[in-house]
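Here's the structure, in C-alpha cells; my notes come after.
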Amino acid sequence: MINRNDKRPIYDQLVEILRNKIENEMEPNDRMLSERRICDEYGVSRTTVRLAMADLEHMGYIYKRHGKGTFVSALNQNSQNLMDSYSFTDHMKAQGKNPSTKVLSFDVIESTKYFSEKLGIKSGEKMIKIMRLRLADNIPMMIERTYLPLRQFAGLTQEKVIQKPLYEIFREDYGEIIKVADEEFSAGIVSDREAELLGVPVDSACLKLLRTTYNDDNIVIEFTLSVARSDKFVYKIRHMR
C-alpha cells in the first residue's frame with residue numbers, strides 16, 4: 001500500500017506497486033485495472049494514476065489499444081533466449097501490437113566482396129536480396145534488407161516470403177534451425193527514400209542494426225541490415241548472469 005511517510009513521490013510508489021501486481025498476479029494481455037479502480041484501491045488522485053500508468057507504458061509493462069483500453073504486455077513473462085526465438089513478429093506481438101510485412105523487392109543478384117564476406121560465400125556467387133517494410137498496427141516501424149546465400153535457399157520465391165514469416169520458411173521449408181545470431185547497433189540518419197517509406201521527416205534519427213544468423217552447423221544463413229524508427233521502435237535486451 002501507499003506509505004504516506006515514505007520520502008519517495010506517491011506516483012513512484014504506485015508504479016512499484018502496480019509493477020509487482022503485473023509481474024506476480026497478471027498474465028500478458030489481461031486488461032489493466034481502470035484508473036478509477038486504482039484511485040479507489042490505493043487512495044490516490046487521478047493525476048497520480050495517470051503519471052504512474054505513463055511510466056508503466058514507457059517501461060513496457062502495459063500497452064494501449066485505441067477504443068479498447070489498457071492491457072498487460074508480455075514483459076513480465078520469463079525471458080527467453082533472444083538468439084533462439086527473436087523475430088520482428090514475435091517482438092511486436094509481445095508488446096501487444098499487430099505486426100505485418102510488405103515485401104518491397106525480391107531479387108537474385110551476384111554478391112559483392114562485402115556481402116560474400118558476411119555470408120561466407122565466394123565473391124560473385126548468387127545471393128537473394130529481400131527488402132521488406134515491417135509495420136506494427138499499420139504504422140511503419142522498420143526497413144529490412146536481408147541477404148541469403150542462394151545455395152542454401154534454392155527455390156525461394158517472393159510469393160513464399162509474402163505468405164509467411166521468413167524464419168518459418170527457414171525452419172519449415174528448408175530445415176534450417178537458427179542456433180545463434182549476432183547483432184550490432186548504431187545510431188544513424190535515415191536516407192530520403194527511407195524517410196519516405198517510414199513516414200518520417202528527412203534526416204530523422206534512426207537505429208541501425210546488422211544481424212548475422214547462424215544455423216546448427218555454424219554456417220551463416222542470413223545477413224540483414226535494418227533501419228528502425230527511433231521514435232517508434234524500442235529494442236530491448238535483458239542480460240542474464
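Side-chain atoms are counted along with the backbone in the values below, which use heavy atoms only and exclude waters and symmetry mates. Source: prediction; values computed, not measured.
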More than 12 heavy atoms of other groups within 6.0 Å of Lys164 NZ: yes

CG/Asn3: more than 12 non-hydrogen atoms of other groups inside 6.0 Å: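 Result for CG/Asn3: enclosed.
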
Nearest 0.5 angstrom please: [X] [atom1] to [Y] [atom2], how far?
{"X": "Arg229", "Y": "Leu198", "atom1": "CZ", "atom2": "CG", "result": "6.5 Å"}
{"X": "Ile128", "Y": "Gln152", "atom1": "CD1", "atom2": "CD", "result": "10.5 Å"}
{"X": "Phe223", "Y": "Asp182", "atom1": "CZ", "atom2": "CG", "result": "11.0 Å"}
{"X": "Leu51", "Y": "Ser45", "atom1": "CG", "atom2": "OG", "result": "8.0 Å"}
{"X": "Ile162", "Y": "Lys102", "atom1": "CD1", "atom2": "NZ", "result": "12.0 Å"}
{"X": "Met141", "Y": "Ser226", "atom1": "CE", "atom2": "OG", "result": "12.5 Å"}

Residues Glu125 and Arg151 bridged, charged N to O under 4.0 Å: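 Between Arg151 and Glu125 there is a salt bridge, with a charged N closer than 4.0 Å to a carboxylate O.
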
Basic-acidic side-chain contact under 4.0 Å: Glu172, Lys160: no

Pairwise side-chain contact, [X] with [Y], heavy-atom cut-off 4.5 Å (strictly under):
{"X": "Val103", "Y": "Arg132", "result": "yes"}
{"X": "Lys126", "Y": "Glu110", "result": "yes"}
{"X": "Arg19", "Y": "Leu56", "result": "yes"}
{"X": "Val227", "Y": "Arg145", "result": "yes"}
{"X": "Val72", "Y": "Glu27", "result": "no"}
{"X": "Arg36", "Y": "Arg46", "result": "yes"}
{"X": "Leu148", "Y": "Glu176", "result": "no"}
{"X": "Tyr42", "Y": "Thr48", "result": "no"}

Working for side-chain contact (heavy atoms from CB on, under 4.5 Å), residues Arg211 and Glu183: CA-CA 4 Å; Arg211 181 178 179 86; Glu183 287 195 327; 2.8 Å; yes

Lys21 and Leu33: CA distance, side-chain angles, deciding distance, side-chain contact (heavy atoms from CB on, under 4.5 Å) verdict: CA-CA 10 Å; Lys21 185 176 184 66; Leu33 303 180; 3.6 Å; yes

If I compare all heavy atoms of [X] with all of [Y], which pair ends up nearest, and what's the gap?
{"X": "Thr112", "Y": "Ser123", "result": "C-OG, 4.0 Å"}
{"X": "Leu14", "Y": "Ile2", "result": "N-CD1, 4.0 Å"}
{"X": "Asn138", "Y": "Ser100", "result": "OD1-OG, 4.5 Å"}
{"X": "Ala205", "Y": "Ile189", "result": "CA-CD1, 4.1 Å"}

Candidate pair Val220 and Lys118, rule side-chain contact (heavy atoms from CB on, under 4.5 Å), full reasoning: CA-CA 8 Å; Val220 177; Lys118 295 297 183 182; over 6 Å; no

Would [X] and [Y] show up in the same hydrophobic cluster when neighbours are defined by side-chain heavy atoms closer than 4.5 Å?
{"X": "Ile130", "Y": "Leu133", "result": "no"}
{"X": "Ile139", "Y": "Val200", "result": "no"}
{"X": "Leu209", "Y": "Leu135", "result": "no"}
{"X": "Phe185", "Y": "Ile143", "result": "no"}
{"X": "Ile109", "Y": "Leu119", "result": "yes"}

Residues Glu144, Thr146; criterion side chain to side chain donor-acceptor pair (under 3.5 Å); working and verdict: CA-CA 6 Å; Glu144 289 185 342; Thr146 297; 4.5 Å; no

Parallel, tilted or perpendicular: ring planes of Tyr174 versus Phe153, cut at 30 and 60 degrees: perpendicular

Option from Phe106, Tyr114, Phe115 for which ring pair (Phe, Tyr, Trp, His ring centres under 6.0 Å) with Tyr147 holds: Phe115

side-chain contact (heavy atoms from CB on, under 4.5 Å) between Leu18 and Met32, intermediate numbers included: CA-CA 10 Å; Leu18 295 176; Met32 188 59 184; 4.1 Å; yes

If we ignore hydrogens and angles and just use 3.5 Å, is the side chain of [X] paired with the main-chain N or O of [Y] as donor and acceptor?
{"X": "Thr101", "Y": "Arg134", "answer": "no"}
{"X": "Asn215", "Y": "Asp217", "answer": "yes"}
{"X": "Asp137", "Y": "Asn98", "answer": "yes"}

